[in-house]
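Both backbone and side-chain heavy atoms feed into the values below; hydrogens, waters and symmetry mates do not. Proteins get letters first, then strands, A, B, ... in listed order; numbering begins at 1 in each.
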Amino acid sequence: MKLISLHQWNVDLSTAKSLQEKLRERIEIRRFDGSIHSIAGADVSYSAATSSNYAAVVVMNYPEMDELESITAAGRVSFPYVPGYLSFREAPILLEVFSKIKTRPDVVLFDGQGIAHPRGMGIASHMGLFLDIPTIGCAKTRLIGTYEPVPVHRGAHVPLWYHDSIIGAVIRSRTGVKPIYISAGHKITLHEALKIIFDTANRYRLPEPVRAAHHLANQLRMKYERK
DNA sequence: GCGACAG
DNA sequence: ATCTTGTCGC
C-alpha cells in the first residue's frame, strides 16, 4: 500500500506538539462518499522487557466481518508514552504494517482517539492523514472531554464535549459493559463512525477488527518473547 | 499551583 | 500498556 511520506518521529515533545498543530489543519471531517466493503482494525502490543512494539492490522469484509487479510510487524520503541503523543510511539510500527498490506481498506479503526484529543490529532487522525484513508478513533478510556452518564443498554450514546463543541461520543456497545469513546479520525463524520462502530461491535465491547488486531499483536508478542 | 492524563 | 489470582455473574 502506498504511504504518504511525511514521517517525522524523531522529535522532542515541543516539536511534536507543533507538528500536531500543523497536521490538524489538514484533517477533514466530512461525509464518506462511496460504499464500504472492507474495514481494518489496527493495534499495537508493547513489551517492556525488550522495549519492543508488535503491531497488527486485520482487514475484514463488511458487513460479513470475515477476515480478508492480516499482517504484523515488530520493532524497537524509541519514544516514551506521554498522554497526547501516542502517535509518536505507535505510528512508526503501524506505518510499517500498512506498507506491507495488500488490500486497501475503505475504513480503518484504531485503538485510541481520533479528534478527541487536546490538539485534535489523536492516533486515528494522525494515521488517517498518512494513509489517506477514512479512520475512526475507538478508545477504551477517556483522554479529554466531558459527558453525561451513558444509559446501560447497548446502543446508548452521549456526546463527548470539549470547549462547547462535540468532539466524539461515549457509547455502550454491549449492555452492562464499560462504554467506549468514539471520535472521527479523518475523512468521516461522527455520525458515520457511530454506525460503523455499532455494526462491527456486536459480540464484544470492541469492534471485531480492533479486537482481532489486538489479539494478533498480543499473539506475536508472546511468540517473540516466549511467555 | 494542582489535578488529569489514549496506550 | 504490562503484571497477576481469584472471583462474580450470565
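Looking only at side-chain heavy atoms (C-beta outward), E192(A) and R31(A) come within less than 4.5 Å of each other.
Among the atoms of the strands shown, none is found under 4.0 Å from any heavy atom of N53(A). Contacts of G84(A) with the nucleic acid, taken as non-hydrogen atoms under 4.0 Å apart, include base atoms. Within the nucleic acid shown, I123(A) comes within 4.0 Å of at least one base atom, counting heavy atoms only. Note on A48(A): nothing from the nucleic acid sits closer than 4.0 angstrom, heavy atoms only. As judged by a 4.0 angstrom heavy-atom cut-off over every strand, Y54(A) is placed among residues making no nucleic acid contact. At the heavy-atom level, S45(A) lies under 4.0 Å from the strands shown only through sugar-phosphate atoms.
With hydrogens and angles disregarded, no donor-acceptor distance shorter than 3.5 Å links the side chain of R211(A) to the backbone of G41(A).
Nearest heavy-atom pair, Y162(A) versus P118(A), reported as atom, atom and distance to 0.1 Å: OH-CA, 4.3 Å. For the pair A40(A) and V57(A), the tightest heavy-atom approach, listed with the atom from each and the gap, is CB-CG1, 4.1 Å.
Rounded to a whole Å, the NE2 atom of H117(A) is 8 Å from the C1' atom of dA6(B). Taking atom CD on Q113(A) and atom P on dG7(B), their separation rounds to 7 Å, with Å as the unit. Put simply, CZ on R142(A) is 12 Å from P on dG7(B), counting in whole angstrom units. We find that CZ of F88(A) is positioned 19 Å from C1' of dA1(C), with the value rounded to whole Å. Rounded to an integer number of Å, the gap from CZ of R174(A) to C1' of dC10(C) is 10 Å. If you measure from atom CG of L86(A) to atom P of dT2(C), you get 12 Å, rounded to the nearest angstrom. Protein atom NE2 of H215(A) is 15 Å distant from nucleotide atom P of dA1(C), rounded to whole Å. As rounded to whole Å, 9 Å separates atom C1' of dA1(C) from atom OH of Y81(A).
Counting heavy atoms of neighbouring residues, nucleotides and ligands inside a 6.0 Å radius, atom CD of E64(A) exceeds 12 of them.
Listed nucleotides dC5(B), dG7(B), dC3(C) differ in distance to R221(A); the shortest reach to its side chain belongs to dC3(C).
Side-chain N/O atoms of T141(A) include one lying less than 4.0 angstrom from OP1 or OP2 on dG7(B). Look at K140(A) and you won't find any side-chain N or O under 4.0 angstrom from OP1 or OP2 of dA6(B).
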